[in-house]
Amino acid sequence: MSENLYNHNQAETMSLEQLQNLYEKYLRQISLKEIRQAEKEQLIQQPFFAHFREPVLSDHQQADTDPSSPLFKEYLSFKKTEQEKQQQQLLTLKNEFTYEDFFLNWEKNLDQTEESLTFKSNDYTRYHVDQKERLKTEIKQVIQHSPEAWETYYQQQWLKDIDNLHQQRLVSVPYVQQTKEKMLKALKQGTPIYVVGHLGSGKTQLAIEVATDFIIQRKIQQKLETALEEWFTSHPKASKEEVLTFFKKMYQVEHTHYIHLLTHGSKEEIAALRPLFISGSHNLTYEDMFVEKTLTLEQTFQSQSFSDYLNTLATDYNQWLTEHDTYLNHLTADESLQLKIQVWKSFSDLFIAKNSSFGTTIQKMDREILLAIKQGRPVIVDELNTIAMQNLIALNDILQRHAGQTAYITGVGPVYIHPGFGFIGTGNLSTDLVSYEGTNQLNPAFQSRFLTIEYNYVPQQLTGDLTQQEQPEKNELFRIMLATLANPNGTLQLPNAKQSLAELFRFAQLSRLTQHIFMGKWIEDEKGETMSHLELRESVLSIRNIIRVLDEWNLGEEKDLSQALWEGFISSITYPDDQNYILSQAVRLGFFQQADGWCVATKATGEGLTTYDEIREYPYHYVRPTTETLSYLDVIQLIFGNQPARTSVPLTLQEHPNFKETKPMMTLKNYQKLDQELSQIEYSQFLWQFLTEDGDKL
């Protein structure tokens, strides 16, 4: 960061490649300035703390970020204009895609009946499906052909990753997103879902997010259907473009409204957008899922207000007076008054005696599954396979019914299933090597009622280093790790960024390696031989453990990643063989190096746990490298690959006197094309010589 980014003389010429390099450095410096500004704004109410919390910045850290080169100013202006243009184009395509998906759901909802929720394809549904595919292709083409569109598109994805983590949601990497879409489709069709996987994979969080998305999507769908019908009554001649404009406005309003409620709504508003939830256990009974019966001591006199009781007493007294009106008229005024007073006291005593009794009554209270059925909400039964099978059988009739039908519940009777009801169960997946105590194998007939989805750890390539990845987008675990460390504006601040990124990538590979072995999905060694004897019984670098290590590392503030890996995970492993194997693989991937004072010896199977003193040659001492800032553009090129090459030079730059046009780099494809053209030229020259020299002989 000490380099002056704008040391070019105003008359100095620059190429497109130089301008882009300058732009990337400019983004890094702007990113650092944004971080510091956000920190200051956050502490505006604490002036003393804000003033004395940090050292005075050095001159190079306070360098002016305004570009001094007129050519670079022109390039920045072009980038800004082009990004706004491409962003608008992408937003238009995404809005149209959302509209087609909305209309497709509307079409399918029309096909729902009380007898079945099977969606039958027709000309209209097929049309909207084709339109969605067309729009996907168009979005992909825009991204592939424009560097600015690519940058805008993936910047939004990257910032969404970070926001999801801050909102305690899963990062929407392809593996997560594809599973969510499969589950949402099943919920819309009324199919019960059973999600199984290994510990720490995020099954429960996935189920909660899918159920929440399902609730919000239904609410938005219903509101937009009503809004469009009402709008069309006053705009009967509206064009498709006008409809899309109105739809975009309404969708943004509704979507923003519900997202705001999730984070800032009242307790009741948030609860209405969340699924009902049951934690499964072996002790969970039938009543715990449907109806809870409790004994209560009630005083019947307290069931109504005093005003109601007084009105009832007065009504009965007036009725007595009416019935005895003739008798009272034969009495003197004094006798009549005394009799009325005595009768009122008698009525009062009898009324109090009747309504002040105490007794024990049985009170029934609906539990989560019955509430979900009556209210039309999804319900999640976590750890479904820990519940005794004889209690799960009570769910049979519910699981084979759909919204709009009636299910029979023992002890309750027939209950109407309101639209919006959905059932999601989760369970740990036992294998020959890993068995989760307290879990049961579900009855095959019972499990057949579910759509069973196996959800485990996100993908990560195990071969090569960070610089050798041909398909970086497949390193989804690495992407999640970077999102965990990123600032809200998408930047990363790392000590010795190149080295830290390489270590984080190897940490992702180590984590995925432990996950592969823990799941019993064998991998091959360097010789291509299957290592079927490997096993991890208790320990795995799941997302929870990965985040614990990253928190321990804390961006290299006090320790390097090897030390954090030991303190945050390996030292807490209690099964010796698990610890020794993971430690040996960490060494193989470049951690715990001898040059840094580590001495990790290979241990045989069955040996004891490794202690910290065993693997340290001398006391640990850490010198933190210089912290470097990576912009969002640096990061998205790491996790999504390089942005597409610019196919043409902007006209405004071509006409600038300081612009120096350079020849494009020779790619393999261009080389092959050029080689073919040269071959054709050589062949044409030979043919020409042959015709001119020997043509008379033909």
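All residue numbers in this chain count up from 1 along the given sequence.
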Would the distance check show the side chain of [X] and the main-chain N or O of [Y] forming a donor-acceptor pair, the cut-off being under 3.5 Å?
X	Y	answer
K203	H198	yes
D382	F277	no
N95	L91	no
T426	E383	yes
D397	Y408	yes
Q205	Q168	yes
W158	G490	yes
E242	S239	yes
S234	W231	yes

Exercise for the section: Only pairs at least two apart or in different chains count here, so list each salt bridge (Lys or Arg N to Asp or Glu O under 4.0 Å) that has a residue in residues 149-169. Expected result: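 Counting only pairs at least two positions apart or across chains, the salt bridge (Lys or Arg N to Asp or Glu O under 4.0 Å) contacts touching residues 149-169 are K79-E151, D161-R479, R169-E209, R169-D213.
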
Any idea how [X] and [Y] line up, ring-wise: parallel (<30°), tilted (30 to 60°), or perpendicular (>60°)?
X	Y	result
F450	F423	tilted
Y286	F290	tilted
H418	Y416	perpendicular

Practice task
Side-chain contact test, heavy atoms from C-beta onward, threshold under 4.5 Å: evaluate it for I387 versus S281 and give yes or no.
Solution key: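 Sidechains of S281 and I387: no contact.
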
Handout entry: Side-chain touch F446/I393, heavy atoms, less than 4.5 angstrom
Key =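 They are not in side-chain contact.
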
Problem - D130 with R134: basic N within carboxylate O range, under 4.0 Å - result: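 Salt bridge between D130 and R134, a charged N being under 4.0 Å from a carboxylate O: no.
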
Handout entry: Test: D123 and R126 ion pair at under 4.0 Å
Key =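 Between R126 and D123 there is a salt bridge, with a charged N closer than 4.0 Å to a carboxylate O.
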
Problem - Residue from E229, E230, E254 passing salt bridge (charged side-chain N to carboxylate O under 4.0 Å, His left out) with K223 - result: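 That would be E254; it is the only one of E229, E230, E254 passing the salt bridge (charged side-chain N to carboxylate O under 4.0 Å, His left out) with K223.
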
Handout entry: Pairs where residues 159-178 contributes a residue and the test ring pair (Phe, Tyr, Trp, His ring centres under 6.0 Å) is met, not counting sequence neighbours
Key =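 Pairs touching residues 159-178 that pass the test: Y175-Y455.
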
Practice task
Determine the minimum heavy-atom distance between F478 and Q460, stating which atoms define it.
Solution key: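 In this case the closest contact between F478 and Q460 is N-OE1, 3.1 Å.
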
Practice task
Looking only at non-hydrogen atoms, find the nearest pair between D288 and L284 and report the distance.
Solution key: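 Shortest heavy-atom separation between D288 and L284 comes out as CB-CD1, 3.4 Å.
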
Exercise for the section: State, without any angle test, whether E454 and N456 hold a side-chain donor-acceptor pair at a distance under 3.5 Å. Expected result: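 Yes, N456 and E454 have a side-chain donor paired with an acceptor closer than 3.5 Å.
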
Exercise for the section: With S511 as reference, evaluate V540, N545, I546, V549 under the side-chain contact (heavy atoms from CB on, under 4.5 Å) test and give the passing residue. Expected result: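 The single option meeting the side-chain contact (heavy atoms from CB on, under 4.5 Å) with S511 is I546.
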
Problem - Distance (rounded to the nearest 0.5 Å) between I270 CD1 and L261 CG - result: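 The distance works out to 8.0 Å.
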
Practice task
Can you measure from CG (L482) to CD1 (I636) and round to the nearest 0.5 angstrom?
Solution key: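 So the gap between those two atoms works out to 12.5 Å.
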
